[in-house]
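To keep things clear, I will list the structure first and then write my remarks on it.
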Amino acid sequence: MLLPILSYPDPRLRTIAEPVKVVDDEIKTLIKDMFETMYDAKGIGLAATQVDRHIQLIVMDLSDDRSAPRVFINPKVTPLVEDKKPYEEGCLSVPDVYDKVERPAKVRIEAIDGEGNEFTEEVDGLLAVCIQHEMDHLNGVLFVDYLSRLKQTRAREKVRKVVKQREKQPVTVKA
Ligand code: K1U
Ligand code: ZN
C-alpha cells in the first residue's frame, strides 16, 4: 500500500520518534508499505516520520535496480571521524530542492534488521550520508535546517508549488 509522504513545513515532521518495542507483523507490514512508497517516489531512503509514523524505523535501497533493500530499526549512529564531507542532498519531504550538507564521512551504525536481529556496521560514502539524513528525520530534523534562512524560505515556496502542481495531476492507477 502506498503511504502519503508528509511535505515540509508540516509540523508532524518535527515529531521525535519512539523506539520500536517488538518486530511483529504490524511492523513488517509497515516496512513493506514503506519500501513500496520509497520505490514509487524514486527515493533511496525513507524514515517512518515521513509517513506520519513516529517510530524509529528507516528503510533504504542504494542500488540502481532495487536489489538491496535495507531496514534499520532503533538505529544508533556514531561518527567515527571529525572530517566532514559535503554531499548534494535531496528529500522526499522537500521535493525538487537539493543542496549541499556537510556530515561526518564515516559512522558506526548499531541497529536491528527487519527480522529482529541486531547488527553493527561501519560505513562511509552514500550509506553514511543517507543514514545520517534519515536519523535526522527520526529526530525531527530536515536537511534544509542546515541551510540559510533565505534558502529555507525558497524551499518552502518551491515545495508549496510542487505540492499544488501534484494536486492538479490526475491519479495514475498501476496495472
Ligand atoms: O529521506 C528522504 O527523503 C529520502 C532521500 C534520501 C537522501 C538522498 C540523498 C542524500 C541524502 C538522503 C531521497 O531519496 S531524495 C531523492 C533521491 O532519490 C536522491 C536525491 C539525491 C541523490 C540520490 C537520490
Ligand atoms: Zn529526507
Side-chain angles (χ1 to χ4, degrees), residues 1-17 20 30-81 83-109 111 114 121 123-147 151-152 154-163 165-166 169:
M1 185 174 74
L2 284 181
L3 306 169
I5 298 176
L6 300 176
S7 297
Y8 177 68
D10 192 310
R12 290 172 288 181
L13 287 167
R14 300 304 181 180
T15 311
I16 308 290
V20 172
L30 177 61
I31 290 170
K32 190 171 157 288
D33 291 344
M34 283 176 61
F35 273 117
E36 194 182 333
T37 304
M38 180 189 79
Y39 289 134
D40 179 75
K42 315 248 177 315
I44 55 171
L46 188 69
T49 310
Q50 294 175 276
V51 292
D52 205 18
R53 292 294 308 271
H54 302 287
I55 56 172
Q56 294 174 9
L57 167 62
I58 291 165
V59 299
M60 200 183 289
D61 190 339
L62 304 182
S63 71
D64 291 332
D65 56 357
R66 304 175 172 193
S67 61
R70 300 285 315 260
V71 176
F72 302 88
I73 295 168
N74 299 344
K76 192 170 156 261
V77 172
T78 315
L80 295 176
V81 290
D83 165 42
K84 287 188 175 180
K85 271 200 178 153
Y87 190 88
E88 183 98 351
E89 296 194 14
C91 181
L92 299 175
S93 294
V94 193
D96 288 7
V97 176
Y98 300 90
D99 216 318
K100 279 203 179 77
V101 176
E102 293 198 350
R103 302 187 188 269
K106 193 172 179 193
V107 297
R108 178 183 299 119
I109 307 172
E121 213 174 310
V123 303
D124 55 13
L126 184 54
L127 179 48
V129 172
C130 197
I131 194 72
Q132 292 178 82
H133 175 112
E134 302 307 336
M135 280 301 291
D136 272 355
H137 277 303
L138 300 184
N139 291 315
V141 175
L142 291 157
F143 85 99
V144 289
D145 298 346
Y146 300 110
L147 308 179
K151 284 186 173 182
Q152 290 176 20
R154 284 187 186 149
R156 263 197 300 277
E157 279 303 297
K158 180 80 192 177
V159 174
R160 199 176 57 78
K161 282 182 190 153
V162 173
V163 170
Q165 197 60 40
R166 283 183 184 172
Q169 277 163 9

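We number each residue from 1, following the sequence as shown. Please read all numbers here as calculations on a predicted model, not as lab measurements. One-based numbering, in listed order, for ligands and for the atoms of each.
- Protein heavy atoms are absent from the space less than 4.0 angstrom from atom 19 (C) of ligand 1.
- Heavy-atom proximity to atom 16 (C) of ligand 1, evaluated over Thr49, Leu92, Ile5, is greatest for Leu92.
- Side-chain contact between Tyr39 and Pro69 is present, with heavy atoms from C-beta onward closer than 4.5 Å.
- A salt bridge links Arg70 to Glu121: one of the charged nitrogens lies within less than 4.0 Å of a carboxylate oxygen.
- Rounded to the nearest 0.5 angstrom, Leu142 CG and Gln50 CD are separated by 8.0 Å.
- The single protein non-hydrogen atom nearest to atom 1 (O) of ligand 1 is Glu134 OE2, 2.7 Å, given as residue, atom name and distance.
- Annotation: side chain of Val144 is not in contact with side chain of Lys151 (no heavy-atom distance under 4.5 Å).
- Here the protein heavy atom with the shortest distance to atom 4 (C) of ligand 1 is Gly45 O, 3.0 Å.
- The CD1 atom of Ile58 sits 9.5 Å away from the NE2 atom of His133 when rounded to the nearest 0.5 Å.
- With contacts defined as side-chain heavy-atom distances shorter than 4.5 Å, the pair Cys91/His137 qualifies.
- Distances below 4.0 Å separate heavy atoms of Gly43 from the following atoms of ligand 1: 14 (O), 18 (O).
- Only the side chain of His133 comes within 4.0 Å of ligand 1, judged by heavy-atom distances.
- Classification of Glu157 and Arg154 as a salt-bridged pair fails, no side-chain N sitting under 4.0 Å from a carboxylate O.
- With a 4.0 Å cut-off on non-hydrogen atoms, Met38 does not touch ligand 1 at all.
- Electrostatic pairing of Asp96 and Arg166 does not count as a salt bridge here, judged by no charged N lying under 4.0 Å from a carboxylate O.
- Here the CG-CD1 distance, from Leu57 to Ile73, works out to 5.5 Å after rounding to the nearest 0.5 Å.
- Given atom 14 (O) of ligand 1, the protein heavy atom at minimum distance is Ile44 N, 2.8 Å.
- Protein heavy atom closest to atom 22 (C) of ligand 1, with residue, atom name and distance, is Tyr87 OH, 4.3 Å.
- Geometry note: the Zn ion (ligand 2) is the vertex, His133 NE2 and His137 NE2 are the arms, and the angle is 110° (rounded to 10 degrees).
- By the 3.5 Å distance cut-off applied to N or O atoms, Gln50 is counted among the residues near ligand 1.
- Per-residue contacts place Cys91 under 4.0 angstrom from the following atoms of ligand 1 (heavy atoms of the residue considered): 3 (O), 15 (S).
- Distance from atom 17 (C) of ligand 1 to its nearest protein heavy atom, with residue and atom name: Lys42 O, 3.9 Å.
- Relative to atom 9 (C) of ligand 1, the option among Ala41, Pro95, Gly90 with the closest non-hydrogen atom is Gly90.
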